[in-house]
Structures are given as structure tokens and as C-alpha cells.
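Since the structure comes first, as C-alpha cells, the remarks are kept for the end.
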Amino acid sequence: MMTKVREVLLLLLLPAFVPHTDGTRYSLPGKPTEIKCRSPEKETFTCWWKPGSDGGLPTTYALYYRKEGSNVVHECPDYHTAGKNSCFFNKNDTVIWVSYNITVVATNALGKTYSDPVDIDVVYIVKPHPPEKLEVTVMKDQGWPFLRVSWEPPRKADTRSGWITLIYELRVKLEEEESEWENHVAGQQKMFNIFSLRSGGTYLIQVRCKPDHGFWSEWSSTSYVKVPEYLHREKSVWILILVFSAFILLILIWLIHMNSHSLKHCMLPPVPGPKIKGFDKQLLKSGKSDEVFSALVVSDFPPTTSNYEDLLVEYLEVYVPEQQELMVDEGKDHDGCLKSIGSASDSDSGRGSCDSDNLLMDKSGAAKEEQQQQNQEGDQIGTETQGPKEAWEKETMLCANEDVVSPDASSKKVKTWPSVFSPVTPYSLSPLDPHNSLEMHKQNCLSDTQFPPGSPSSDHCIKKALQSSYWEVCFNNNQPYPQTDVHQQLQAHSDRNISAINDGNAPRNLLLPTRMTEYVEVQRVNEENKVLLHPIPSGHTREEACSWVGHGDNYSKVKGVNSDNVLLLQREVVEEESMEMAGAAESCYTSSIAINTPKSTTCSHIALPVQEERVLAVSGYVDTATMFSLDT
Amino acid sequence: MEFSTPTYAGTHLMVIQRGVWGLLLWPYILTVSMPLDCKEEPGSLTRCPSISQEKLLDRVIHHAELIYRVSEESCSLFEEMFIPLPLRLQSNQAGFACITKTLPIPSSKSEIEQMSDKWLLHSVLMLVQSWIEPLVYLQTTLDHYDHAPEMLVNKTKWVSEKLVSLEQGVVALIKKMLDEGTFTTTYNEQGLFQYDTLPDMLESVMRDYTLLSCFKKDAHKMETFLKLLKCRQADKYNCA
């Protein structure tokens, strides 16, 4: 039982000994802390403290102070004016330049707790109230608005007597989320102007103050002001500038437009166009090259003057393949010069000299054979152009070009020289098919004006012609006569499509009949790629000439060259005749083209042999190259 | 007159300021015997060796403000360097009273407002004159400190020099405002300040600290009085 009682006693007493946190525990009050004193106008001041725990018992607080130099302790005169846990010292109790030693005491039933003492001097703890009567007005300065902010000092601060001097500061902000305060120090003035406002914006303004030695006051209440909309004078100036510059720009554009032509010339000089006589741009643009070239040929192109000497610059080196003769033969249906080919007597009579084996490019076997045959025959005048020529060629290559392949009958290769000469076409003998001729044509691009078979009369001998380089044209001969041979002979340099050669009459035609009795001049090439010839008035009648030719005289021998650069041919068979080959074509045999080629050297070299050769007297096909070589 | 900022450094600046101050006040000393019949004209020192009362007062006030600011900085510096935390702000605990305590200067606003202009001026003069000597002493004691910061020493030196200038200005002001004659009694004759070397280091430090604190307070007094004086003048002053 005793134990029980003891236990009970212990239990009862336990709470007394065992501390617990339920708040019922009584203790001394906590120490008041954070004693802060402030004076709003350097005349009164207030002190606040932060109480500690009250220890569970009602606690009272008291503030005691002691002035500097005195040991008398006073208690706070006013605990209520300034609120809870505060002490207010009024004017009578406030002395400046004197330190107060303040202590706060917390008292409860259990005891007292003293705070840490604090020394203060009123002069140094001045924190005024915020300024009052903040007014903001919008004013205008020559159309530009600005804000005028004015305020009053806090009521209690005695600035009038100079007891306290305050300096002010204000801050401005736009009523936007991301704008920031902009601070301005106003000094001791109570008015401030704010410029550079945003048109139509709303501003927030606050102001605060501070004594010359003390703390800043709190910010005053916010004033709102809305700036009216105004057009920036700047904007109107900019508008003016824009309009003005637009106006100037328009004027500039107009000026440029007016002078566009000359400007274009200045900046983009015109490309010089072609200055070819007879060149028709329009035709070129239309895309038909054939027509263009035919147009070129039109006017005095090839020059139809008999001044062949001038024209003929170079000559072609032609192999005289036998085929040519053959071809010539075949082509020899016509009468007259052209018929040289056609003469029945020889197979190669068809090939007029005009045709010129030179141009024979035919490599077909038949052609070759023919030529060879003709070659063999050789002496025939008519065909002779080929024959002799061939031989001639064989022996001397035309104006000797080293390059010239030795006349290889079989080769039929004709080399073309820059200046055309005779394109002897591949006589496309009957056996020849267009293809061959084509090939031949293609092989050598001989252009020879001579033989354009376009001549209306097949009887005409075609004078050789010109060599101008333009003549690298293969003419397409549609006419039976002149036809194919001619066109075979003539070959376009540019790989023209050669229209089908008229095989049938191909051989015959020829313009270049070896036995031409007449001289024909190539007038022009018509649009069908026909070489139009016209007879050249000559001393001899055509018939005569031609028939003459048909006689089978062999004019293959060159007698000599006279001073006029005329090749004198010899007629072997009948008589010796010197044929003159004049450029003007007096006889159909002669076609004298004075060629003064640069290849004279070689020519001269050949000169000798040339003489021995049979040279076609027929104008149709004398290889002027060789002839001339004699001259030089 | 140019006032340099409290953070000036360099003796030449002080010389310049002194010179300027001297130039400014020189005419006053001259005018002691000369009638003040000259109106103030800007930039015509040669012709009229006097300055207007308003400007003089303004300049004196600026001077006082500057002195206060520098003394405040010096006190803070000293406190940081040499005074341990627990002893701060308890200058009177050490038992050292301000030397000017005995001066009959009111310390409440009501009393001060009742003071006359004359009395205000004289109070200022008293204060100024009282502190000239102790500040000189302070300079010498600071040299004894081991690690006295250069700035502190300079500031103290500057303040003591400026105080002399302030005295001259106040004297001139008294003459101007109060039309008193040569009334250059030096209140320092009383020898308020007795400095004897204390054996204890801490006490010595505390005394110096008390000195600085008291001077700071008195500087503030001077400034306040002068400002009061200023606003008492007619409405030409922009007070309130």
C-alpha cells in the first residue's frame, strides 16, 4: 500500500518535474528583441519591440530608458499611442542630441526578463512619413505633353522652420506588365516634370522623402495619369520626308524612262550584228539555214563577174578516181558539153571536165572502176577532163600539196582545199546510189562553184568558177541535168543533206562536162540548191565549142602558160591548138581562172608535169590549181 | 567656394579648399575695419570685398553639412576598426562625457526654437571653437594607433582644418547678421578639454571613440542651428 501511495504521489508530482511542451508549463517570459525606434520628424519618436515567448503566463512589458549623463530611469510615458508593443515619446520627452538607453522588460508571474539595452539618438533615427498630396497633371509644351508632379511634405515634418530638411525622390512606371520603375531624385523641390511620354499611355507615380541624415520614408500612394493621344511632330516630319522622297523617286524614274534608250546603249552596248552582204537575219531567225545560205548566194554572190581570177583563191586537190570517169560517162546523155559524159564513145565521156573528177568522192567500187576506165581512156577529151585529169591528178596532185595523196584512182579521195575548187562530184554514176554520192559528198567537201548544174541548158559548159570559199556548197540538183552530178560534185561544206541524187541522170549532167563547148557562168544557186548557170557570151558558139569538144579532141596537154596566166592547152588529137583559157571564157574549153594561189610553189613544182599531162581544156574542169601553178 | 566630397584625398585638395575658403573669408577679416557698404556683385571681388549675407549663410551651412558627413564617416570607421561590438553605441558607458556638455546648448526643439538668432550663432561659434583643439589632439593620437586606416587619418585631418574655416565663417556671419564688432572671443579659453594620456589601451580607445561620437553630434548641432537660422530669414529662403 505504501508503495501504491508512493506511486500515486510520484505520479502526481511527476508533472511538476517532468517538463512537457503542452504550453501549460510556466516560465519566465522570453526576452523582447528587436527594439526599433523611429522618429518621424525629429521631435517625437516611437520604439517598438518584439516580444518573446510569454512563458505561458500573462506577460507585461515595460520600457525603461535612461538618458545620457543621467542615471535616472524613466519609464515609457505612452504605451498605447503607437500600438501594441510600442512606446511613444512625445515632444516633451524627446531631447535630441542626447542618447537614450532603452531597455524593455517582460514580466510575468514568474519573473522578469530584460532585453538587451539599446542606445539611440533621436537625430539619427529620423524616418519621415511619406509625402502627401501627390498631384500629377498633364501639361503641354508646344504640343508635346509632359507630366507635372507635385506633392507636399509630410504633415508633421517641420520643414518650414528648417528644423528638418527633406530631399525627395519619385518613381514612374508605365501601366504595363513588363515595365520597370524609373527613379528621379528631386532634391528639396516639391515639383517635378517628366517628359518623353508615350502617347496614350497610363503612368503610375510615387514619391518618398528622406531627411538629410536619416532614413527613407515609405513610398506614397500611387497616382495614375493617362497621357492623351498626340501625333508626334516627328511623325508628321517623317511623313513629309516620305512624301518628298517619293516625289523625287518618281521624278528619277521618269527621267530614267525618258533616257532609257541612251542608258541602255551606255550600259549594254549593242552587240554588233553580222555584216554579211545578203545575210538576212530574219531568215536566220526563222531557222531555215538553207534559205539563209541561198539568200547569201543570191545577190552578187557568187560574183558573176568574169573576174574569176580574183575570186579563185585556192583550189582543191582532187583525186581523180576512175570512177569519176565512169560517172562522167554515165552522165553523158546530154548533148553538148555536158554530154561529154554522155558521149557514147566513151564511158567516161559523161563526165565532163566540168564535173571534175576532182570532186569525186565516191569510193564506190563502181565509180572507181569507171574512173579507172576513163582514166585509161584518158585521151578523150570529153571525159578527159577526168581522164587527163585523173592522170594529171595522179601524176601531180593538183597543185601539189604534199598532203595530197597520190592519186589513187581507187582512193578517190579528194582533198578539199580551203578554196574550193571544183567539187567534182562524185559522179554518181548510175550505179551510184545516192548514198554513195552522199558519202562522197561527205568526204570531201568540195565546193565548187564550177559545177553547179543548175544551168538551164545542159549544153553549157559550166565554167568553173569560183572558188570562193563560199562555194562549199553541195548543190542539190533536182534537174535532170545538172543534177545530181553536179550536186554530187558540189558538196556542201556543212554537210548538207544532199537530196537524193538523181541517179538517173546523174552521170550525165554535169555541168561540168568536160567537153564543154560553152562557158557557163554560175549565176547563183537557187533555193533548190541548184546552181544556175548562164552562158557566158563567148566568141565561139556554144555548139561549136561543144561540138568541138565532142570531137574527142584531146586537150589535155598543156602547152604552156602565157603571160596572162593563161594556160595553154594543147589539143593532141586534132591539131595543136592552143587554147586559151581566159578567165572570161572565150572558149568553152578554157576556163581560165587565174588562180594565184599561195600554193604556187607547189604548183610550180608541178608545172612541168602538168604540161605533160592532159589538162582538160574544157573549162568545165580544169584544175586551175595546177594550171596556175604554171604561172607561178 | 568649392566643397570637395568627403572622400577627397590628397593634401593639395585640402590646400585648395583652404585657399578658397581663405579667399572667401579674407574680405571679411578686412571688412572688420571697413564699412560694409558694398552690395554683392558676382565676380567682383576686387571691387567689392564683401559677400552677401545669404550667400555667406548658404556657404556656411554647406560647410557645416560637409563637416558633419565627414565626421560621421570617421566615426563609423573608427568604430569598425577599434571598437568591439558589444561596446558600440554605448559611448557614455565608458564614462566619458562629451566635452561640450557643459555648454549651455538646448537640446529640445522647443527650446531651440525659442533661441534667438544671436544665440544660435553664438552657440555655433562656441561649438566650433570648442572642437578645434580636441581634433588636433585626435590627430596625434591616431598616429599612435598601429593600424589606423589612412582614410581615417585623412578625414580627421581634413575635418580639423575645415573647422577652422567654419569658425571664420561664423565669425563673419556674426558680424554681418548681428552687426557686432570684433567679437572674437574664443570659448576655448576655458580649456574644456584636458587630455592626459591614459595608461589603459582600451580606455584610450574608448575615449577617442567618445571624442569622435561627440564631435559628430556637435557637428549635427551646428548644422541644425545654421539651418534654423537660415529659415528664419525672410521668405527669400525656400523653407517649407
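Note that the structure is predicted; figures quoted are calculated from it, not measured. Sequence lines set the chain letters: A, B, ... in the order given, protein chains first and strands last, and positions in each chain run from 1. Worth knowing before you read on, the calculation uses all heavy atoms, side chains too, and leaves out hydrogens, waters and symmetry mates.
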- prompt: Where is the tightest heavy-atom contact between A:Arg160 and B:Cys231, given as atom of each residue plus distance?
  reply: O-CB, 3.5 Å
- prompt: Which heavy atom in A:Val95 sits nearest to a heavy atom in B:Ser108, and how many Å separate them?
  reply: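 The answer is CG1-CB, 4.3 Å.
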Hey, what do you get for [atom1] ([X]) to [atom2] ([Y]), rounding to the nearest 0.5 Å?
{"X": "B:Thr224", "Y": "A:Trp97", "atom1": "OG1", "atom2": "CH2", "value": "4.0 Å"}
{"X": "B:Leu229", "Y": "A:Ser161", "atom1": "CG", "atom2": "OG", "value": "12.0 Å"}
{"X": "A:Glu68", "Y": "B:Cys214", "atom1": "CD", "atom2": "SG", "value": "6.5 Å"}

query: So does A:Lys226 have more than 12 non-hydrogen atoms from other groups sitting under 6.0 Å from NZ?
result: yes
Atom group of B:Ser107 that falls short of 4.5 Å from chain A, counting heavy atoms: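 Both backbone and side chain.
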field: Heavy-atom proximity to chain A below 4.5 Å, by part of B:Leu226
entry: neither
query: Passes side chain to side chain donor-acceptor pair (under 3.5 Å), A:Lys91 versus B:Ser110? Steps please.
result: CA-CA 8 Å; A:Lys91 280 188 190 181; B:Ser110 49; over 6 Å; no
Toward chain B: residues of [range] with heavy atoms under 4.5 Å:
{"range": "residues 37-44 of chain A", "answer": "A:Lys42, A:Glu43"}
{"range": "residues 210-221 of chain A", "answer": "A:Asp212, A:His213"}
{"range": "residues 75-89 of chain A", "answer": "none"}

- prompt: Any idea which of A:Val122, A:Leu166, A:Asp158 has the most non-hydrogen atom pairs under 4.5 angstrom with chain B?
  reply: A:Asp158
- prompt: Does NZ or CZ of B:Lys216 fall inside the cone over A:Tyr124's six-membered ring, less than 6.0 Å from its centre and within 45° of the axis?
  reply: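 Positive - B:Lys216 is close enough to the ring of A:Tyr124 and near enough to its axis.
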field: Contact leader toward chain A among B:Lys221, B:Glu223, B:Glu111, where contacts are heavy-atom pairs under 4.5 Å
entry: B:Lys221
- request: Could you look at A:Asp121 and say if it's the side chain, the backbone, both or neither that has a heavy atom under 4.5 Å from chain B?
  value: side chain
field: Audit row: A:Val123, B:Lys217, side-chain contact (heavy atoms from CB on, under 4.5 Å) steps and yes/no
entry: CA-CA 9 Å; A:Val123 167; B:Lys217 205 172 290 189; over 6 Å; no
With A:Cys209 via disulfide bond (SG atoms under 2.5 Å apart) - residues at least two apart: none
